[in-house]
Amino acid sequence: IDVKRIRNFSIVAHVDHGKSTLADRLLELTGVIKPGNENAQVLDQLQAKRERGITVKAVTASLNYTYNNEPYLLNLIDTPGHVDFSNEVVRSVTACQGVILLVDANEGVQAQTVAVHSLAKRNNLVIIPTLNKVDLPRADPAKVKAQLKSVFHIEPDTVLKVSAKKGWGVKELLEAIITRIPPPNIQSNDYFRAHIIDTWHDKYRGVLCLAYIHSGTLKLGQPVKWKSDMKQHTVKFLALLRPNEENITEAVAGQVVMVGLGPKGGGSVGDSLLSPEATNCKDTASVPAVRHMVYAGIFPADQSQHTQLSDSIKKLALNDSAVSVSVDSSPALGQGWRVGFLGLLHLDVFTQRLLQEYKAEAILTAPSVPYKVKIKGAKVIKHYKTDEVIVTNPLQLPDVNNIVEYYEPFVIGTIITPVEYLGAVNTLCIDRRGSPLPSSAVDEQMTMLQYILPLSEVVMDFHDTLKSITSGFASFDYQDYGFHASPLVRMDILLNGVLVDELTSIVHTSRLEYNARKLTARLKEMIPRQMVQVAIQAVVGGKVFARETLKAYRKDVTAKLYGGDVTRRKKLLKQQADGKKKMRSVANIKIPRNTFIDVLKR
Ligand code: GTP
């Protein structure tokens with residue numbers, strides 16, 4: 001196929017604005033699936049099935065379409081549709097020259113519409129603004145066109161109208177894809193190079209990669225090497241995804257194809273495949289590396305299930321290149337893993353799959369964000385000398401006396417809300433330590449607010465709270481704003497003066513009193529009474545911020561002696577007192593594992 005007749009595009013939209021439904025219609029019109037199956041959601045089913053109704057993984061479909069008697073190859077690169085997955089959205093668009101910006105004609109511009117629009121702009125992509133759901137009686141295309149004009153300066157006469165459900169306007173949309181989006185810009189006489197947009201794991205064939213070919217040609221059986229380690233392999237599998245695999249023997253620059261190098265061939269997102277003669281590697285579009293925003297510990301409910309859970313986590317991680325897994329261990333919970341996620345929803349999807357697909361039981365600790373600290377002197381980490389350390393688990397904090405500065409991750413949050421909730425939303429953002437950026441009107445009813453917010457405050461329950469204070473009418477999305485210095489401290493929990501490792505946390509000074517009180521009170525409620533009195537303290541830098549006392553329960557050792565001999569009673573009471581002393585001296589407080597699970601779980 002002539003590269004002039006290739007179009008690579010994505011559909012980007014706020015969640016539920018109809019991306020999957022539109023993809024189905026495009027697949028139908030190009031003859032991939034039979035019409036009639038009203039909401040088949042083919043792309044979703046194909047890979048991620050439907051996890052809570054949200055598209056998780058980016059998949060692709062190469063579609064044939066004839067326009068003006070010329071054959072075209074349209075590559076629809078599907079993108080996941082949720083705030084957590086914006087990293088994957090970014091990866092998908094690096095192979096595109098244009099996007100369909102889909103907006104629900106009934107709901108109008110939402111927070112995620114703003115985020116995906118700015119992403120498309122940053123990548124210099126052609127934007128085809130498209131209103132969906134125009135069949136709905138309450139659809140108001142004129143109003144949403146005006147919103148597009150005021151928020152994005154999009155001219156109303158360039159906006160298309162479709163109903164993905166009914167199939168209205170989809171043919172016109174296909175033609176707009178051909179006429180408005182340029183063909184891929186490639187250097188045809190250069191050596192072969194391609195970058196990896198996505199990977200997944202196949203039981204028999206090993207890692208399969210979705211690759212965008214920047215230049216040259218790729219043939220089945222040809223030698224290639226990875227940019228990362230320069231190791232050479234042979235192309236064992238080559239296919240177009242239509243979206244079902246269609247084996248091919250050759251692919252050219254501008255195409256998006258599935259490549260497999262066999263069980264030992266490897267492949268990871270962001271890496272590049274090069275022809276063996278390629279020497280310099282200035283090349284390939286930079287694919288942003290995955291950034292983990294949320295971490296949680298995963299432990300087997302019972303250590304006997306460790307191997308089974310380990311297998312399950314490994315399998316899931318192979319098919320989700322966005323998670324990071326490292327071994328973790330906790331004195332109370334045993335051997336487990338620390339897993340990094342793109343966001344809370346990603347964490348939910350991962351653990352639900354863990355439970356559903358592998359029937360593995362697991363304990364999940366409360367999610368936390370990564371912190372950064374600057375330390376005195378430099379340290380060598382992975383061959384680099386650095387004075388900055390990323391801490392994904394509070395337990396790994398360097399000695400506080402060595403810490404010069406703490407940093408926490410911030411995000412720019414975009415909120416679109418009806419004006420009547422402005423007061424409540426502003427209060428929520430300020431309460432969550434947010435600093436406001438200029439706001440702007442979407443139209444008379446809706447306002448767009450932007451805040452710089454600490455990620456730790458967002459991952460808690462920000463989205464749920466926002467939804468509940470605005471009766472579900474506000475939408476929210478966030479973009480990474482990097483690490484910034486912040487007055488954080490390390491808070492420890494002591495039981496009778498002894499540090500309980502797994503209860504250490506990193507806390508903002510403004511939250512210190514509150515967190516200290518809450519946690520000690522909670523522990524007092526949950527730790528069963530002991531033979532000894534237990535002091536529960538929340539301590540920062542040697543100073544006690546909250547204290548609770550769990551009274552000893554006096555086991556009535558004399559109960560069995562009905563009246564009886566006084567000396568015998570005294571002897572038993574003395575034994576009991578000695579026992580208390582002994583226990584106190586080793587601070588041997590018996591805390592059931594369940595208490596830890598309850599406190600650490602989310
Ligand atoms: P995610 O995959 O979660 O990002 O959602 P999505 O954007 O792919 O939305 P999806 O296609 O799942 O559609 C969301 C809902 O809107 C579904 O109930 C669809 O049936 C409905 N829907 C999609 N397009 C139309 C349309 O043109 N008209 C009407 N009336 N409903 C539509």
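Ligands are counted one by one from 1 in listed order, and the atoms in each one are counted from 1 as well.
Looking at Leu136 against ligand 1, only its side chain comes within 4.0 Å, counting heavy atoms. The part of Asn132 lying near ligand 1 is the side chain, judged by heavy-atom distances below 4.0 Å. Here Lys19 has heavy atoms under 4.0 Å from ligand 1 in both its backbone and its side chain.
Counting only non-hydrogen atoms, the option in Asp16, Leu102, Val134, Val12 that gets closest to atom 14 (C) of ligand 1 is Asp16.
The aromatic rings of Tyr421 and Phe473 sit parallel to each other, their planes meeting at less than 30°, with 60° as the upper class boundary. Between Tyr295 and His292, the ring planes are perpendicular. Angles over 60° get that label, and only those under 30° would be called parallel.
Short contacts between ligand 1 and His17, defined as distances under 4.0 Å to a heavy atom of the residue, involve ligand atoms 7 (O). Per-residue contacts place Asp135 under 4.0 angstrom from the following atoms of ligand 1 (heavy atoms of the residue considered): 26 (C), 27 (O), 28 (N), 29 (C), 30 (N). Set against the non-hydrogen atoms of Thr21, the atoms of ligand 1 under 4.0 Å away are 10 (P), 11 (O), 13 (O), 19 (C), 23 (C), 24 (N). Within ligand 1, counting atoms from 1 as listed, the ones closer than 4.0 Å to a heavy atom of Ser20 are 2 (O), 6 (P), 8 (O), 11 (O).
Of the N or O atoms in Gly18, one or more lie within a sub-3.5 Å distance of an N or O in ligand 1. The shortest N/O to N/O separation between Ala164 and ligand 1 falls below 3.5 Å. Among the atoms of Lys133, some N or O lies under 3.5 angstrom from an N or O of ligand 1.
Counting heavy atoms from C-beta on, the side chains of Val369 and Val459 come closer than 4.5 Å. Side-chain contact between Leu453 and Ile412: absent, with no pair of heavy atoms (C-beta onward) separated by less than 4.5 Å.
Phe410 is linked by a ring-ring contact (aromatic ring centres under 6.0 Å, His included) to His484, counting only residues two or more places apart in sequence or in another chain.
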What side-chain donor-acceptor pairs closer than 3.5 Å can you find for residues 131-138, not counting sequence neighbours?
residue : atom : partner : partner atom : Å
Asn132  : OD1  : Ala164  : N            : 2.9
Asn132  : ND2  : His17   : O            : 2.9
Lys133  : NZ   : Asp16   : O            : 2.9
Lys133  : NZ   : Asp104  : OD2          : 3.3
Asp135  : OD1  : Ser163  : OG           : 2.9

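With no hydrogens or angles considered, a side-chain donor-acceptor pair links Ser62 and Asn75 at under 3.5 Å.
With salt bridges taken as basic N to acidic carboxylate O contacts below 4.0 Å, none links Glu444 and Lys143.
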